[in-house]
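Notes follow once the structure below has been shown.
Just so it is clear: chains get the letters A, B, ... in the order the sequence lines come, proteins before strands, and each one is counted from 1.
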2 protein chains.
Amino acid sequence: MDRPVVPLGRPRTERADAKRNRLRLLAVVREMLEECGAEHVTMDALAERAGLGKGTVFRRFGSRAGIFKALLEEEARRFQELVLSGPPPLGPGAGPAERLIAYGRVRIGFLTDNLAVARAAMDRDVAAPAVEVDMTRLHIRMLLGQADLGVRDVEGLALQLSAALEGPLLLYMASPQALTDARDGGAMRLADAWQDLVERLFRAGPEQPPRGPE
Amino acid sequence: MDRPVVPLGRPRTERADAKRNRLRLLAVVREMLEECGAEHVTMDALAERAGLGKGTVFRRFGSRAGIFKALLEEEARRFQELVLSGPPPLGPGAGPAERLIAYGRVRIGFLTDNLAVARAAMDRDVAAPAVEVDMTRLHIRMLLGQADLGVRDVEGLALQLSAALEGPLLLYMASPQALTDARDGGAMRLADAWQDLVERLFRAGPEQPPRGPE
DNA sequence: CAACTAAACGGACTTTACCCCGTTTATATT
DNA sequence: AATATAAACGGGGTAAAGTCCGTTTAGTTG
């Protein structure tokens with residue numbers, strides 16, 4: 001009678017065939033991604049090429065966007081490991097300011113490197129960034145806690161900062177030309193702007209930096 | 001021989017029937033928008049209810065998102081008039097700082113008021129914000145020019161500021177819960193954050209505020 | 001007013017994401 | 001090993017966006 005206490009939620013163990021098919025689908029989608037672009041990956045073709053039914057594909061990933069989200073999350077797991085236990089300045093060992101700057105820099109690099117996949121992951125499901133923003137917010141909050149700035153509302157400040165990082169990044173992903181300087185065609189230096197923001201925040205000391213929510 | 005010098009671009013004059021149908025479609029879509037939500041407006045239903053063919057709908061607006069974009073632009077025209085010649089602090093008459101703050105506040109209000117339509121306008125065409133961002137950037141640049149801060153790179157600063165305004169706003173529209181405080185469920189005060197940013201910029205004086213692109 | 005032309009129109013057709021549900025299968029239990 | 005069952009599977013079906021191209025029509029010119 002050692003039933004799990006929690007009856008809700010999906011089954012804890014993934015069936016062997018389900019796992020095999022999930023990995024197979026991810027592998028095939030990566031193949032197709034290289035051959036043609038993300039926009040030419042259709043679910044029919046994916047299913048056929050993986051030797052599976054369409055129904056299986058959707059049961060696994062819920063939607064077309066879901067597949068690309070899964071692809072992205074695989075990468076994101078690696079990123080998160082680096083953040084939590086990799087070498088400084090991204091990982092532990094550096095000061096909070098350096099780690100904040102490094103976090104933004106690497107996250108921006110990560111998403112711009114995977115621009116096509118990230119865009120496909122948003123398709124028809126613009127709510128996608130929610131979970132990623134939350135990851136960013138939690139990490140920022142942790143670092144702010146360590147920094148011990150004299151800020152009353154750490155939670156609120158973390159939210160502000162994550163919006164300042166993820167917002168322009170989302171805008172850039174949505175339409176890179178929107179953040180392109182008309183004069184020289186150079187893309188805005190998101191990472192530099194982020195670094196500057198963090199440095200000013202830490203320089204300012206215990207007054208009131210980016211205002212927290214009321 | 002008074003041919004227009006520019007042979008490119010679409011014909012300058014809209015045919016009478018085309019105009020009639022365009023207005024009719026916009027009216028019908030507004031109706032349907034109230035009855036059911038934006039997500040239940042289908043192009044087939046729209047065409048039928050307007051007594052027109054589907055081809056006509058797409059010829060006019062290019063895509064489903066295009067219709068909602070047109071709807072939004074109609075409102076945006078009114079907004080722009082207020083900006084250019086309305087009463088202060090949004091319109092001329094107030095100082096650059098007040099006008100910048102007012103601009104952000106009203107733009108945020110405008111988009112959150114029309115959240116459903118704005119989301120529909122992004123569907124399948126996340127590049128939508130590009131044109132709006134450009135409007136924001138130009139206006140900010142104009143006000144910065146008047147302010148005569150001691151900034152070397154006004155163009156770059158304007159780009160940074162428009163990203164700081166439009167980025168988080170886009171993020172909020174994409175997934176409001178991403179910018180929601182987990183403790184009290186209150187949405188982040190975008191407008192307050194914007195006001196704070198502008199005030200700090202003007203307080204800082206002629207040193208180096210939000211860094212411009214290299 | 002008649003001929004002409006470029007634009008607008010209509011609606012069948014195609015494509016593709018996503019749903020449904022009868023069938024199969026992995027896994028736990030005895 | 002036999003049984004039970006919850007999960008996974010398959011692929012035909014549906015809905016809705018977007019395309020194509022033959023037909024109609026507004027506006028222009030002589």
Side-chain angles (χ1 to χ4, degrees), chain A residues 1-4 6-25 28-29 32 36-70 119-126 128, chain B residues 1-4 7-25 28-29 32 36-70 120-126 128:
Chain A
M1 191 159 273
D2 51 351
R3 275 284 176 70
V6 182
L8 300 165
R10 46 186 154 200
R12 232 127 293 286
T13 62
E14 188 181 30
R15 237 168 70 170
D17 52 350
K19 176 168 188 180
R20 178 169 32 79
N21 289 339
R22 178 171 54 80
L23 295 176
R24 176 179 194 86
L25 282 168
V28 171
V29 89
M32 295 178 75
C36 25
E39 62 273 18
H40 292 123
V41 174
T42 76
M43 306 310 266
D44 281 326
L46 170 60
E48 175 163 18
R49 212 165 135 166
L52 297 169
K54 255 183 306 183
T56 305
V57 178
F58 280 94
R59 151 170 283 266
R60 224 41 16 227
F61 298 103
S63 72
R64 184 191 139 92
I67 291 184
F68 294 103
K69 234 186 292 184
R119 286 180 67 112
M122 295 196 307
D123 208 49
R124 271 296 212 176
D125 176 16
V126 202
Chain B
M1 190 162 273
D2 49 351
R3 274 287 175 72
L8 300 165
R10 47 188 154 196
R12 232 128 294 283
T13 62
E14 187 181 32
R15 233 167 72 168
D17 51 351
K19 176 169 187 180
R20 178 169 34 79
N21 289 339
R22 179 171 55 78
L23 294 176
R24 174 177 197 86
L25 282 168
V28 171
V29 89
M32 296 179 73
C36 24
E39 62 274 18
H40 293 123
V41 174
T42 76
M43 307 309 266
D44 281 319
L46 171 60
E48 176 164 18
R49 214 166 134 163
L52 297 169
K54 214 176 157 184
T56 305
V57 178
F58 280 93
R59 152 168 282 267
R60 221 55 359 236
F61 297 103
S63 70
R64 182 192 140 94
I67 291 185
F68 294 102
K69 235 187 290 184
M122 296 195 308
D123 210 48
R124 272 294 211 179
D125 176 17
V126 202

Inset, instruction - Please confirm whether the backbone N or O of B:R60 pairs with a side-chain atom of B:R22, one donor and one acceptor, at under 3.5 Å? - result: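 Here the side-chain-to-backbone pair does not exist.
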Legend entry - Donor-acceptor under 3.5 Å (B:R24 side chain, B:A50 main chain):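 Side chain of B:R24 to backbone of B:A50, a donor-acceptor pair under 3.5 Å: yes, one is there.
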Using whole Å, report how far [atom1] of [X] lies from [atom2] of [N].
X      : N      : atom1 : atom2 : result
A:L52  : C:dT24 : CG    : P     : 17 Å
A:H40  : C:dA17 : NE2   : P     : 12 Å
A:D123 : C:dT16 : CG    : C1'   : 12 Å
B:I67  : D:dG18 : CD1   : C1'   : 12 Å
A:L46  : C:dT16 : CG    : P     : 13 Å
A:M43  : D:dG13 : CE    : P     : 20 Å
A:E48  : C:dT15 : CD    : P     : 15 Å
B:D17  : C:dA6  : CG    : P     : 17 Å

Inset, instruction - Check if the side chain of B:K54 and the base of C:dA12 share a donor-acceptor pair of N or O atoms closer than 3.5 Å. - result: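 No, the side chain and the base share no sub-3.5 Å donor-acceptor pair.
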Inset, instruction - Using a heavy-atom cut-off of under 4.0 Å over every strand shown, decide if A:V41 touches base, sugar-phosphate, or nothing. - result: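 Result for A:V41 = sugar-phosphate.
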Inset, instruction - Could you check whether A:R59 gets within reach of a base, just the sugar-phosphate, or nothing at all, counting any heavy atom under 4.0 Å? - result: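 It contacts base atoms.
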Inset, instruction - Between A:K19 and B:S63, just flag the one whose closest nucleotide in DNA chain D comes earlier from the 5' side. - result: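 Final value for this comparison: A:K19.
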Legend entry - Toward the 5' end of DNA chain D, by each residue's nearest nucleotide, B:G55 or B:R20: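 The answer here is B:G55.
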Legend entry - Atom pair CG/CZ of A:L52 and A:R20 - distance to nearest 0.5 Å: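 Between A:L52 CG and A:R20 CZ, I get 8.5 Å after rounding to 0.5 Å.
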Legend entry - B:D44 side-chain proximity, nearest of C:dA8, C:dT16, D:dA16: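 Comparing C:dA8, C:dT16, D:dA16 against the side chain of B:D44, the answer is D:dA16.
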Legend entry - Shortest side-chain distance from B:F58, nucleotide among C:dA26, C:dA17, D:dA17: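 Given the options C:dA26, C:dA17, D:dA17, the side chain of B:F58 is closest to D:dA17.
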Inset, instruction - For B:G53 and for B:R15, find the nucleotide of DNA chain C with the closest heavy atom, then tell me which residue's nucleotide is more 5'. - result: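 Nearest nucleotide further toward 5': that of B:R15.
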Inset, instruction - Determine whether A:I67 and A:V41 make a side-chain contact, defined as any pair of heavy atoms from C-beta on separated by less than 4.5 Å. - result: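 Result no, sub-4.5 Å side-chain heavy-atom pair not found.
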Legend entry - Flag side-chain contact, heavy atom, 4.5 Å: B:D123 against B:E39: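 A side-chain contact is absent here, since even the closest heavy-atom pair is not under 4.5 Å.
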Inset, instruction - Verify the contact: side-chain N or O of B:R60 to OP1 or OP2 of C:dA8, cut-off strictly under 4.0 Å; return yes or no. - result: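 The answer is yes; a side-chain N or O of B:R60 sits under 4.0 Å from OP1 or OP2.
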Legend entry - Phosphate contact (C:dG10 OP1 or OP2) by B:T56 side-chain N/O below 4.0 Å: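 So the side-chain polar atoms of B:T56 do come within 4.0 Å of the phosphate oxygens OP1 or OP2 of C:dG10, strictly under.
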